[in-house]
Amino acid sequence: MKESAVKKIAVLTSGGDAPGMNAALRAVVRTANYYDIECYGVREGYNGLINGDFLKMGPRSVKNIINQGGTILKSARSMEFKTKEGRQKAYDHCVRLGIDGLVCIGGDGTFTGAKIFNEEFGIRVIGVPGTIDNDIFGTDNTIGYDTALNTAMDAIDKIRDTATSHNRVFFVEVMGRDAGFIALNSGLATGALDILIPERKDSIEDLFTNFRNAEKTGKASSIVVVAEGEKLANVYELAEKTKKDFPDYDIRVAILGHMQRGGSPSCADRVLASRLGYGAVTGLMEGKTNVMAGMRSNDLVYTPIEEAIKKHNEINEDLLLISKILAI
């Protein structure tokens, strides 16, 4: 590789944590070390950048973390970084240490901050998509999505055991404020009767039709998977409405919540994080900036951060049809 465009870099994790962030951090630090680039970790995201909370990192700084969930650098949402004054403080600390490149691991909010920081002060930035929602454009999968998906699937499998034992109907809420990827894929994988996601205009009539069709086939228990951002109603309201039309149903609600964010990252997330962390450093070395490192068709690609923020991955309509066909 020709001479690097950066000499000192910093890496931070920001926004909601995702399994595999530590694996990405490890890849950034060790790739930088391999190419003789100084690397600093920034504690608590953009807050650490503003407060000068930097930690010099080397290969041993990231030992035994590839299997850990969460982030050893901690994560936080920074209101001060949304101000010009806050970003100026962050830039001053970067200048003090001679940092000329920044790797930002996170989602939409993280990338928005990185983009503005680059445009105002010229420090090279590359984003690494770390979010369980899988809603970032420019990569087939985001770091943490596969692990969260498997966590949801395992939980729903356990819920199905008790649903079957008691002939119950369970409404299970999974994470996905703006995107239904976890709901759709975990619902398909667990044989859910219905899957409700924010990308689709759902109706209570369609849901009730599915219940009636299930009754005709002799189905005695059912799982309905609902993304937290579902626009029709929340899980408690859906359960109440269902009870009114089906008074004989024994209905329960389960909200999986933040358990989906935690846990040891899956093999897929560890490999993805390693490749993207490596790609972020080599991208900075090549002079790239204001882009996100992602994987498409198993190839490393770089997408302008502006596109990654504005566009979103599309729901696979075939999966919706398959889930409907296989549910009864």
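These figures come from a predicted structure and were not determined experimentally.
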Item to check | Stepwise side-chain contact (heavy atoms from CB on, under 4.5 Å) check, Asp178 with Asp133 | outcome: CA-CA 8 Å; Asp178 301 307; Asp133 287 340; over 6 Å; no
Does any N or O in the side chain of [X] come within less than 3.5 Å of the main-chain N or O of [Y], such that one atom is a donor and the other an acceptor?
| X | Y | value |
| --- | --- | --- |
| Arg270 | Pro265 | yes |
| Thr142 | Thr131 | yes |
| Thr303 | Met292 | no |
| Tyr46 | Thr110 | yes |
| Asn22 | Ile72 | yes |
| Asp140 | Ser297 | yes |
| Arg261 | Asp17 | yes |
| Arg160 | Thr190 | yes |
| Glu230 | Ile197 | yes |
| Ser75 | Gly15 | yes |

Next on the checklist: Within the 4.5 Å heavy-atom criterion, are Tyr302 and Thr289 side-chain neighbours or not?
Outcome noted: no
Item to check | Any Met79 side-chain heavy atom under 4.5 Å of Lys82 side chain | outcome: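 Heavy-atom side-chain distance check passes, below 4.5 Å.
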Checklist entry - In terms of ring plane angle, is the pair Phe54 and His93 parallel, tilted or perpendicular, where the classes change at 30° and 60°? => result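 Tilted, since the angle between the ring planes falls between 30° and 60°.
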Next on the checklist: Classify the ring geometry of Phe211 against Phe208: parallel below 30°, tilted from 30° to 60°, perpendicular beyond 60°.
Outcome noted: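 The rings of Phe211 and Phe208 sit tilted, inter-plane angle from 30° to 60°.
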Same cluster or not: are [X] and [Y] linked, directly or through other Ile, Leu, Val, Met, Phe, Trp or Tyr residues, by side-chain heavy atoms under 4.5 angstrom apart?
| X | Y | result |
| --- | --- | --- |
| Phe111 | Leu102 | yes |
| Leu232 | Val226 | yes |
| Phe170 | Leu256 | yes |
| Ile116 | Ile123 | no |
| Val128 | Met57 | yes |

Flag the pair [X] and [Y] as a salt bridge only when some basic side-chain nitrogen lies within less than 4.0 angstrom of an acidic carboxylate oxygen.
| X | Y | value |
| --- | --- | --- |
| Lys241 | Glu237 | no |
| Glu38 | Lys7 | no |
| Glu80 | Arg87 | no |
| Lys310 | Glu306 | yes |

Checklist entry - Just wondering, are more than 12 heavy atoms of other shown residues or ligands nearer than 6.0 Å to NZ in Lys8? => result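 More than 12 within 6.0 Å, yes.
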Between [X] and [Y], do the side chains contain an N or O donor and an N or O acceptor separated by less than 3.5 Å?
| X | Y | result |
| --- | --- | --- |
| Ser203 | Asp206 | yes |
| Arg168 | Ser222 | no |
| Asp269 | Thr147 | yes |
| Asn150 | Ser266 | no |
| Glu215 | Tyr249 | yes |

Next on the checklist: Under 6.0 Å from the ring centre and within 45 degrees of the ring axis: does the NZ or CZ of Arg296 meet both conditions for the six-membered ring of Phe137?
Outcome noted: yes
Next on the checklist: Before you tell me yes or no, could you show the steps for Asp53 and Val42 under side-chain contact (heavy atoms from CB on, under 4.5 Å), namely the whole-Å CA-CA distance, both residues' side-chain angles and the distance that decides it to 0.1 Å?
Outcome noted: CA-CA 6 Å; Asp53 198 353; Val42 184; 5.6 Å; no
Next on the checklist: As a quick check of understanding, evaluate side chain to side chain donor-acceptor pair (under 3.5 Å) for Asn185 and Tyr145, giving each step before the final call.
Outcome noted: CA-CA 11 Å; Asn185 286 276; Tyr145 169 63; 3.0 Å; yes
Next on the checklist: side-chain contact (heavy atoms from CB on, under 4.5 Å) for Ile105 and Leu12? Distances and angles first, verdict last.
Outcome noted: CA-CA 6 Å; Ile105 305 170; Leu12 58 84; over 6 Å; no
Next on the checklist: As a test of understanding, state which of Leu276, Ile9, Val291 forms a side-chain contact (heavy atoms from CB on, under 4.5 Å) with Ile126.
Outcome noted: Val291
Checklist entry - Would Thr242 and Phe171 count as a side-chain contact (heavy atoms from CB on, under 4.5 Å) if you check the C-alpha gap in whole Å, the side-chain angles of each, and the deciding distance to 0.1 Å? => result CA-CA 10 Å; Thr242 303; Phe171 285 88; 3.3 Å; yes
Next on the checklist: Is it the case that the ring center of Phe81 lies less than 6.0 angstrom away from the ring center of Phe117?
Outcome noted: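 Ring centres of Phe81 and Phe117 closer than 6.0 Å.
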